[in-house]
Amino acid sequence: EAQVTQNPRYLITVTGKKLTVTCSQNMNHEYMSWYRQDPGLGLRQIYYSMNVEVTDKGDVPEGYKVSRKEKRNFPLILESPSPNQTSLYFCASRDTANYGYTFGSGTRLTVV
Amino acid sequence: GNSVTQMEGPVTLSEEAFLTINCTYTATGYPSLFWYVQYPGEGLQLLLKATKADDKGSNKGFEATYRKETTSFHLEKGSVQVSDSAVYFCALTPSGNTPLVFGKGTRLSVIA
């Protein structure tokens, strides 16, 4: 089944403790992206990647890092999480032929 | 820049009522337009899309027509069901290599 898999689904952590949210897709998509969803703000893009070793900032990149060492994986790294990064995070990949995005099921992160 | 404006919710309808969720956009060139749906506790799913002016996207009884003259892509359904209760996002991408830009989402509640 074609899918984007994120882990974990839920995470509660403390301020300053480094964490990684993993994202993997099995569709051989070149384009991958991370979004955060907050009430009243909709979805905002954090980072995206056009291909292996190619990443770029989205609208709200501060406090986040990403890497794209292989095509299928696009982890989101929070080196020193803060409470304002409490949010619902979505990873997505895109078929550049027809622009269709496939989203993961989301990771609900709480930073206390 | 590129942006999407959609009507604020929540929208509450009775079962079998007619649904319209307004969406207008600002973009350079000829963007592709999308509607995504997010059911409770899930990620976003592509509902329908249109890639050029006057195209009509349709799926599961929902329709939207790409109107370049009014820069709009309103979502409609003739008879909603309780199972349509979800958050609906209008989105655009100016081209195949640019990020997806989302509206803030409209929550729809359908009551029996």
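Keep in mind the model is a prediction, meaning the values are calculated, not measured.
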Kindly indicate whether the side chain of R94(A), heavy atoms from C-beta on, has any atom under 4.5 Å from the side chain of T93(B).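 Touching, per the 4.5 Å side-chain cut-off.
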Within a reach of under 6.0 Å around [atom1] of [X], are more than 12 heavy atoms found that belong to other residues, nucleotides or ligands?
{"X": "Y10(A)", "atom1": "OH", "value": "no"}
{"X": "Y30(B)", "atom1": "OH", "value": "no"}
{"X": "R107(B)", "atom1": "CZ", "value": "no"}
{"X": "E16(B)", "atom1": "CD", "value": "no"}
{"X": "K17(A)", "atom1": "NZ", "value": "no"}

Verdict with supporting geometry, Y101(A) and F34(B), side-chain contact (heavy atoms from CB on, under 4.5 Å): CA-CA 10 Å; Y101(A) 277 66; F34(B) 306 84; 5.7 Å; no
Just checking heavy atoms, which of residues 103-112 of chain A are less than 4.5 Å from chain B?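 The residues closer than 4.5 Å to chain B, in numerical order, are F103(A), G104(A), S105(A).
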How about F102(B) and Y35(A): are their ring centroids closer than 6.0 Å?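 Centroid distance F102(B)-Y35(A): below 6.0 Å, so yes.
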Quick one: do [X] and [Y] end up in the same hydrophobic cluster if we chain Ile, Leu, Val, Met, Phe, Trp and Tyr together by side-chain heavy atoms under 4.5 Å apart?
{"X": "L19(A)", "Y": "F74(A)", "result": "yes"}
{"X": "Y39(B)", "Y": "I21(B)", "result": "yes"}
{"X": "L19(B)", "Y": "L33(B)", "result": "yes"}
{"X": "Y36(B)", "Y": "Y88(B)", "result": "no"}

Please identify, among Q45(B), E8(B), Q38(B), the residue contributing the most non-hydrogen atom pairs under 4.5 Å to chain A.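 Among Q45(B), E8(B), Q38(B), the one with the most close pairs to chain A is Q38(B).
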Value rounded to 0.5 Å, distance of OH in Y31(A) from CG in L100(B):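 Spacing of OH (Y31(A)) from CG (L100(B)) equals 7.5 Å.
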Distance from L43(A) atom CG to K104(B) atom NZ, nearest 0.5 Å?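 Answer for the CG-NZ pair, L43(A) versus K104(B), is 12.0 Å.
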Is Q37(A) close to chain B through its backbone or its side chain, or both, or neither, when contacts mean heavy atoms under 4.5 Å?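 Side chain of Q37(A) only, per the 4.5 Å heavy-atom cut-off to chain B.
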